[in-house]
Amino acid sequence: MKPTNYHLFDFLDFDTELSRNESLWKAYKPTAVYEKEGDIYVTVPFQKQKLANDMMADTDVLQEEYTLIIRQYNIGITRLFLGFGDYVLTDESEMLQFSDRIQKVPLFIKEQKGKWILSTEDGTKRAVINVEEPLLDRWSELLPDPQETLDITLYPDGKREIRLSAYDHFSPPRYDALPVAFCKRDGRKERATLSFECKPDECFAGTGERFFKMDLSGHTFFLKNQDGQGVNNRRTYKNIPFYLSSRMYGTFYHTCAHSKLSLAGHSTRSVQFLSDQALLDVFVIGGDTMEDILRGYRDLTGYPSMPPLWSFGVWMSRMTYFSADEVDEICDRMRAEHYPCDVIHLDTGWFRTDWLCEWKFNEERFPDPKGFIGRLKKNGYRVSLWQLPYVAENAEQIDEARANDYIAPLTKQQATDGSNFSALDYAGTIDFTYPKATEWYKGLLKQLLDMGVTCIKTDFGENIHMDALYKGMKPELLNNLYALLYQKAAYEITKEVTGDGIVWARSAWAGCQRYPLHWGGDSCSSWDGMAGSLKGGLHFGLSGFAFWSHDVPGFHTLPNFMNSVVADDVYMRWTQFGVFTSHIRYHGTNKREPWHYPTIAPLVKKWWKLRYSLIPYIVVQSKLAIESGYPLLQALILHHPEDKLCWHIDDEYYFGNDFLVAPVMNSENRRDIYLPEGKWVNFFTGERLEGACWLKDVYVPLEEMPVYVRANAVIPIYPEDVDCTDEMDLSKSMALRIDNDYKGFWNR
């Protein structure tokens, strides 16, 4: 549909012809405020509007009253809840997993002239409800007075001031945002919106794995998971209904409904949220640092768990290996030539038919799967397996799945969308809202895990069959939540059988950070694919996730999707990027083993060995991450939110808290490097520099990479060459001191 540039149509999704039986109901000023069990209940009348682009109250229709609940938590979080229908405030949700730090604190009401002041027992102001009439100097009756509004200002941490968008309009009929409103269609309440004021210079980040520049202001996003099909478009595998603001607050919209989030997009004065469900449950989080805010989000939705040591080593894969002999040959060669590696991943080719997921090895090409996996384990390799959450029409399990409703019955024939390269007919989506289906799925994985498999690649999950009858909820609500239920099931059975809590996942929604780890999807093996991947990883880390990886050196090629050649410099630069990421996996549509790139293979091996040297540091930073708000891949704004330059830098990052990494992403081997405030030391040469400056047009040979360390940092490293993490004894780790005597890593 062509945009109209009007709020009613482009944001609130009203029919531009106004031909549907739908109505908009706008919040008016509260008529009552009272305290109940420590929460504040606010009675809010809603007035129906006439069905027109110019808003006007339909006074022939009686107002409807609904109750806004305001709840305060002790760590700087204020919750707003408003359900238009049979909704109740609850903490029972797959998305919520409150930490021990979360405690509800009672709010108290104090009336002043034209205001209700909400405070905690210590007197800290947490909200102000304003019902005072605006001050006027009336001289004209040419235009009508504005309608009543809901004017509430929040102080979640007692410092930050976040106000509802009470007055975002031109003349009163022309509104660009509404503080709170809901919509009806054919008499049913079906959409709800809530808006906050934003400032002219305010910047935003987060919202999931967003393949956009660092500052997201000016954009409107549709929060619906779908197959991203690359990392350079508006589609994304991982939408998270959470954003961070440069005003040092964050907002989590507790919903799994398809939603819109406009970050000063439809109106530069407002952050607007629209849910396809007539329910608003919003957590506003204040903090002194970005890490405080991200930790608050994890306090609500859960903390990541610690991946196993072996997962931090190199993963080798391609799409795909087809036999045990092929895998053995590759693994033996890596050991013989001392390419350190910990994981071999089997993608779509380990089944009877390529892509036909039946959770069983091909008996001809993998005649002794348990023995095969056991041999690899003795040689220091863990085995990871690809699969997906759909059952194909000609899969062995299709009759069982249909007969028992393990896949949701279809109401009409429907093809799955997304990157199904095999064009298989996926007959149904496994119904993780149905406990029996979840246990059935876990049983399929348990057979593989009992053989010695250590990780399941939980691919897909962004799209589900929408014309299907799921036991637990409607598909419109399940679509986004599906990733969480899917990964939770795979994670739980993996941890139960192997002791290691890990999956390798592509899709995500709020709460999925509890089940690491996630990778960036099907990027192109190109400079723009690498740049898009990094952008996505940075925003993902600003959305509550600690661990994230990407396909090295990109998943597919251009112009021929599966058959073009990957350039040596792309392979090398992406390897360097992967070394300084929480996890490093080689994967793609064609050859990925380093000896297929003979010109650079010795250099690749050198960087792999560097990766293993850094594993003690990665482990230390990972332990910090799972107890805080930090990710491993950190946008510069996490440490420098007050530096406006950092809100516009998306091609550099902190790796943990001590490394500053600036990947080279062009064939010219040049780039500008921004050193934020502080004292920095070149990790490889020992050169010392003072921050808050640009290094312009720096030439970086292919064998080098711009990596800096905080002066006086102490970096734990492993001092010996190993072939895999099984050979590591972390008690042997040594402290690399970045002091005045430091001459560079290669010059030790």
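Just so you know, these numbers use all the heavy atoms, side chains as well, and skip hydrogens, waters and symmetry mates.
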- [ ] Applying side chain to side chain donor-acceptor pair (under 3.5 Å) between Thr301 and each of Arg514, Gln513, Gln97, report the one that passes.
- [x] Gln513
- [ ] Output, in order, the C-alpha distance, side-chain angles, deciding distance and verdict of side-chain hydrogen bond (donor to acceptor under 3.5 Å, both in side chains) for Glu65 and Thr43.
- [x] CA-CA 7 Å; Glu65 287 189 342; Thr43 304; 5.5 Å; no
Donor-acceptor pair, side chain of [X] and main chain of [Y], under 3.5 angstrom:
X: Arg126; Y: Pro156; answer: yes
X: Thr149; Y: Asp151; answer: no
X: Lys26; Y: Gln49; answer: no
X: Gln272; Y: Leu274; answer: no
X: Asp299; Y: Phe98; answer: no
X: Gln47; Y: Asp58; answer: yes
X: Thr268; Y: Ala264; answer: no
X: Glu35; Y: Gly38; answer: yes
X: Ser245; Y: Tyr249; answer: no
X: Arg269; Y: Ser165; answer: no

Open item on the list: Classify the ring geometry of Tyr630 against His639: parallel below 30°, tilted from 30° to 60°, perpendicular beyond 60°.
Closed with: parallel
Open item on the list: Ring-plane angle category for Phe211 and Tyr237, please: parallel below 30°, perpendicular beyond 60°, tilted otherwise.
Closed with: perpendicular
Give a yes-or-no answer on whether the side chains of [X] and [Y] include a donor-acceptor pair shorter than 3.5 Å.
X: Glu209; Y: Trp548; result: yes
X: Thr124; Y: Asp122; result: yes
X: Glu161; Y: Thr153; result: no
X: Gln147; Y: Tyr28; result: yes
X: Asn479; Y: His258; result: yes
X: His539; Y: Thr207; result: no
X: Asp10; Y: Thr4; result: yes
X: Arg210; Y: Asn239; result: yes
X: Ser171; Y: Arg174; result: no

TODO: Dump the intermediate steps for side-chain contact (heavy atoms from CB on, under 4.5 Å) on Leu178 and Leu24, then the final yes or no.
DONE: CA-CA 11 Å; Leu178 297 170; Leu24 175 66; 3.9 Å; yes
Between [X] and [Y], does any side-chain N to carboxylate O distance fall below 4.0 Å?
X: Glu197; Y: Arg163; value: yes
X: Arg138; Y: Glu141; value: yes
X: Asp60; Y: Lys48; value: no
X: Asp288; Y: Lys159; value: yes
X: Asp39; Y: Lys36; value: no

- [ ] Please report the shortest heavy-atom distance between Asn74 and Val105, naming the atom on each side.
- [x] CB-CG1, 3.8 Å
TODO: State, to 0.1 Å, how close Met290 and Ile637 come at their nearest heavy-atom pair, and which atoms those are.
DONE: CG-O, 3.6 Å
Determine, using ring centers only, whether [Y] and [X] are less than 6.0 Å apart.
X: Phe283; Y: Phe242; result: no
X: Phe252; Y: Tyr243; result: no
X: His7; Y: Tyr175; result: no
X: Phe182; Y: Tyr66; result: yes

Task: Evaluation steps, side-chain hydrogen bond (donor to acceptor under 3.5 Å, both in side chains), between Tyr155 and Arg160 - done: CA-CA 5 Å; Tyr155 303 85; Arg160 254 49 63 170; over 6 Å; no
Task: Stepwise side-chain contact (heavy atoms from CB on, under 4.5 Å) test for Thr16 and Leu18 - done: CA-CA 5 Å; Thr16 55; Leu18 299 174; over 6 Å; no
- [ ] Kindly determine whether Tyr674 and Asp643 satisfy side-chain hydrogen bond (donor to acceptor under 3.5 Å, both in side chains), including the steps that lead there.
- [x] CA-CA 12 Å; Tyr674 181 66; Asp643 186 338; 2.6 Å; yes
- [ ] Check the pair Val180, Leu68 against side-chain contact (heavy atoms from CB on, under 4.5 Å), reporting the backbone distance first and the verdict last.
- [x] CA-CA 10 Å; Val180 177; Leu68 168 68; over 6 Å; no
TODO: Given ring-ring contact (aromatic ring centres under 6.0 Å, His included), test Phe84 with Phe46 step by step and report yes or no.
DONE: CA-CA 11 Å; Phe84 301 98; Phe46 286 79; 5.2 Å; yes
- [ ] Check the pair Phe212 / Phe221 against ring-ring contact (aromatic ring centres under 6.0 Å, His included), numbers first and verdict last.
- [x] CA-CA 11 Å; Phe212 277 67; Phe221 301 110; 5.3 Å; yes
Open item on the list: Show, in sequence, the C-alpha distance, side-chain angles and deciding distance for Phe273 and Ser259, and conclude whether the side-chain contact (heavy atoms from CB on, under 4.5 Å) test is met.
Closed with: CA-CA 7 Å; Phe273 179 76; Ser259 309; 3.5 Å; yes
